[in-house]
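Report on the following structure.
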There are 2 protein chains.
Amino acid sequence: MEDTTIIQRVAPELLPILELRYKILRELLFDQPLGRRALASKLQLGERIIRRELERLREGGLVEVGPDGVRLRSTPIIAELGQLVHQLRGLRHLEEGLARELGLRRVVIVPGDLDEDPMVKKDLARATSVYLDKVLKDEDVLAVTGGTTLAEVARSLPLFSSKRRVIVVPARGGLGEEVELQANTVAAVFARQLGGSYRLFHLPDDLPEEAMHTISNEPKVRQIMALLRRADYVLHGIGTAEEMARRRGLGPWQMELIRKRQGVGEAFGYYFDRQGRIVYSTSSTGLRLEDLQGIGEVIAVGGGKSKAEAALAVLSSKYQHVCITDEGAARVMWSLIEGDKRISYTEGR
Amino acid sequence: MEDTTIIQRVAPELLPILELRYKILRELLFDQPLGRRALASKLQLGERIIRRELERLREGGLVEVGPDGVRLRSTPIIAELGQLVHQLRGLRHLEEGLARELGLRRVVIVPGDLDEDPMVKKDLARATSVYLDKVLKDEDVLAVTGGTTLAEVARSLPLFSSKRRVIVVPARGGLGEEVELQANTVAAVFARQLGGSYRLFHLPDDLPEEAMHTISNEPKVRQIMALLRRADYVLHGIGTAEEMARRRGLGPWQMELIRKRQGVGEAFGYYFDRQGRIVYSTSSTGLRLEDLQGIGEVIAVGGGKSKAEAALAVLSSKYQHVCITDEGAARVMWSLIEGDKRISYTEGR
DNA sequence: ATCCACCGGGACGTCTTGTGTCCCGCATGC
DNA sequence: GCATGCGGGACACAAGACGTCCCGGTGGAT
């Protein structure tokens, strides 16, 4: 295991420290001597912060301080520090790049590839719980879908630092899958692990539209729908169009249509092409896509190279705010984005 | 340059953090689950400290916390962390080992070997100024000898974080060397750099004993001697017996006597063998060896493989409290100590 | 020679974080 | 049922971080 990997796991707080000092040293590489007010201004940092950091850099023999400002004492180490920072940042670059390209608030990437290592699902789950632990507050409403990833997330919730009195609601109805993977069950496990409460949704997710209309007038259903629409957080898995079409029991002509229209990703019964455009939809009970616009934060979770295209499709729909994925999927997404840019550039010439 | 070397220079504060976390994880390797009060007790640390560290280790996925205590989640990383800590400690082990073996309060080692790289003298000087910066207070009295190393130290004093109103006194008289290397000059440069004051010692260091007696009754000389005897710190260089005998102008029969008696190191006109026993002495003006016993802290500075034996001789005399040296000298000192131990062991059987 | 701009160092008040210590409810073993 | 150890919560106090301002020094421009 690389030293940088150990440090990332054991003392991740080193990175911001090194980043800051590298920033200062690099600035001095371009222009020296500089005073700390000038450095503070250039780097948009507090004067006191710069003073503290310069003190430490001086103690380490990297700079010397004179009446006219600060000078470097050792320049070769700066490039090597830059490389170290880059290594420690590791997936941080990719996280930030994808967040920027996809217009997301946050991307969290765990090492590995779910396609190659099933244990990565546990890491995805752990990262999701850590994230939720940071954002969830008492009395928040959390809507969750089903599926294997979210079931694993639910099992990981003991990682929470403290009980949280949230209301957990299934974001969709049952899909005829194993009871353990249904949104109802996931919601119940979530709630129990968090010390909160939950509401159940005793409906299938694939009713005919007429029945859907009739049932949506039921008071209980309206109540759950109202709760769902004001959820603070929605947590949902990412599926490929093909996989989800099969799970929803779509017929061959429907699947052919989706394929023909190049649908690759699915969420909430909607099928998206690579650009995030809806190419097909099935009615579904529970939250609909347009309901997501009123949600505080929509978190998509999923990993594995094979799901990268689906993830990109779903995320390009601009309904999500946060994505938690693995390195395998992230790298493929990045390549696809880069490829898209090259095509756009070629088309523009 | 190794990553660990970069970290040592740019963010040395990482080491105590990793050491602490390694300590906790290693304890759990032996015995788990453990509660934080038990860990606090075993490791002699505050309960709140342990709680904070466990929180971070939990966030990093290294441990999991249950109602019955803390368990490890990932054991292979612990051995690797141990190796990383060992690497980061670098010369710290040698510093602590030598301090222990020589009964010193502190040993400071800078990388490199003065015999191979003259720049190491600058590093020795820098380390000495950093050390003095930490210990010197206003109104302290500092006695300094001469020589090239201390002249370099004097030039390095701008590294001090703030002016210090200390009184600097030459610890000995002139030796007929270049004026720049004389204790008087070194003292003056020290004082000027520190913003303090200094006293001069207008005497040669190698007067005949009768003249020494006569002059020691002079009021001015008595005054300086009184000041020297109550010095808070003495800073002196380390010389080989041969080199110093030559500088002091000793005759061939005297040098032969020192050699015959296996004198290898010299300080304050005293010549020591490997065990720190005095094998010869010349009268000298200024501080005498026995005066050192009343000094708060005696700091010896010197480096280079070729001086290791001399350093060991001087330090074995038990007059010093702190030693600042380089890695070249330190490693040879360590080997000599280990060799002494083997000889003692063999002789004991 | 004077003025101005920038420098480092000093310092103070406020805010944030760290730490020691204690307590509560839970779980387990006897 | 009791004792012991657990994690989590919380509070008071201590320590450190930070923002902000000021002073004297330095050097360049006029």
Side-chain angles (χ1 to χ4, degrees), chain A residues 11 13 16-17 20-21 24 27-28 31-59 62-73 129 133-134 136-138 157-165 192-196, chain B residues 11 13 16-17 20-21 24 27-28 31-59 62-73 129 133-134 136-138 157-165 192-196:
Chain A
E13 68 265 41
I17 293 171
L20 177 52
R21 292 174 190 178
I24 293 168
E27 196 62 42
L28 289 167
D31 184 13
Q32 62 175 317
L34 273 177
R36 64 169 192 273
R37 286 178 202 89
L39 272 164
S41 178
K42 281 173 181 277
L43 301 181
Q44 286 297 307
L45 293 163
E47 187 211 343
R48 202 68 184 71
I49 306 298
I50 297 292
R51 190 192 314 205
R52 183 193 70 193
E53 292 307 315
L54 288 177
E55 183 68 19
R56 287 174 188 156
L57 291 171
R58 194 185 61 83
E59 279 168 9
L62 297 166
V63 298
E64 62 193 5
V65 182
D68 58 336
V70 184
R71 289 180 167 76
L72 294 168
R73 276 187 94 236
S129 343
D133 189 14
K134 287 184 183 335
L136 278 179
K137 297 181 297 301
D138 279 343
L157 291 176
L159 281 174
F160 264 51
S161 62
S162 62
K163 292 300 182 185
R164 219 65 52 91
R165 289 189 294 104
R192 194 181 311 124
Q193 299 275 42
L194 290 177
Chain B
E13 67 266 40
I17 293 170
L20 177 54
R21 291 174 192 177
I24 293 169
E27 196 63 41
L28 288 167
D31 183 13
Q32 64 176 316
L34 272 177
R36 65 169 191 274
R37 288 180 200 87
L39 272 166
S41 178
K42 280 171 181 279
L43 302 181
Q44 286 298 307
L45 293 164
E47 186 211 343
R48 203 67 184 67
I49 306 299
I50 297 292
R51 191 195 308 210
R52 182 193 71 194
E53 292 306 316
L54 288 177
E55 182 69 19
R56 288 175 184 154
L57 291 170
R58 191 187 62 85
E59 280 168 9
L62 297 166
V63 300
E64 61 194 5
V65 181
D68 60 336
V70 184
R71 289 179 164 75
L72 293 170
R73 276 188 93 238
S129 346
D133 190 14
K134 288 186 187 330
L136 278 178
K137 297 179 297 300
D138 279 342
L157 291 175
L159 281 173
F160 263 51
S161 61
S162 62
K163 294 300 181 185
R164 219 64 51 91
R165 290 190 294 108
R192 195 181 311 127
Q193 299 275 44
L194 292 177

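Throughout, protein chains are lettered first and strands after them, A, B, ... in sequence-line order, and every chain is numbered starting at 1.
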Sort me out a list of protein N/O and nucleotides 1-5 of chain D N/O pairs below 3.5 Å, or just none if empty.
none

Calculate the interatomic distance between [X] atom [atom1] and [N] atom [atom2]; express it in whole Å.
X	N	atom1	atom2	result
B/Leu54	D/dG9	CG	P	15 Å
A/Leu57	C/dG8	CG	P	13 Å
A/Glu55	C/dG9	CD	C1'	10 Å
A/Glu13	C/dT17	CD	C1'	14 Å
A/Arg52	D/dT20	CZ	P	16 Å
A/Arg71	D/dT26	CZ	C1'	13 Å

What residues, two or more places apart in sequence or in another chain, satisfy side chain to side chain contact (heavy atoms under 4.5 Å, CB included) together with B/Arg48?
B/Arg51
Kindly indicate whether the side chain of A/Arg51 and the base of C/dG10 share any N or O donor-acceptor pair separated by less than 3.5 Å?
yes
Any side-chain heavy atom of B/Arg52 within less than 4.5 Å of one from B/Leu20?
yes
Less than 4.5 Å apart, side chain to side chain, heavy atoms only: is that true for A/Glu64 and A/Val70?
no
Of A/Asp68 and A/Arg56, the one whose closest nucleotide on DNA chain D sits nearer the 5' end is A/Arg56
Calculate, to the nearest 0.5 Å, the distance between atoms CD and CD1 belonging to A/Glu55 and A/Ile50 respectively.
13.5 Å
At less than 4.0 Å, is any side-chain N or O atom of B/Arg36 found next to OP1 or OP2 of C/dT19? Yes or no.
no
Can you tell me which residue pairs pass the side-chain hydrogen bond (donor to acceptor under 3.5 Å, both in side chains) test with a partner in residues 31-42 of chain B, sequence neighbours excluded?
B/Arg36-B/Glu47
Qualifying residues under salt bridge (charged side-chain N to carboxylate O under 4.0 Å, His left out), relative to A/Arg71, sequence neighbours excluded:
A/Asp68
In short, the helix from C/dA1-D/dT30 to C/dC30-D/dG1 is bent end to end, axes from five pairs each side, to 10°, by 20°
Considering only heavy atoms, which members of residues 40-50 of chain A lie under 4.0 Å from some atom of DNA chain C?
A/Arg48
Test side-chain contact (heavy atoms from CB on, under 4.5 Å) on A/Leu72 and A/Val63; report intermediate values, then the result.
CA-CA 4 Å; A/Leu72 294 168; A/Val63 298; 4.2 Å; yes
Please test A/Leu54 against A/Leu39 for side-chain contact (heavy atoms from CB on, under 4.5 Å), starting from the C-alpha separation and ending with a verdict.
CA-CA 10 Å; A/Leu54 288 177; A/Leu39 272 164; 4.1 Å; yes
Run the side-chain hydrogen bond (donor to acceptor under 3.5 Å, both in side chains) test against A/Arg21 and tell me which residues pass, sequence neighbours left out.
A/Glu53, B/Glu13
Dump every N/O contact between nucleotides 28-30 of chain D and the protein below 3.5 Å, one line per pair.
none

Please write out the pairs of protein N or O atoms and N or O atoms of nucleotides 12-14 of chain D separated by less than 3.5 Å, giving the distance to one decimal.
none

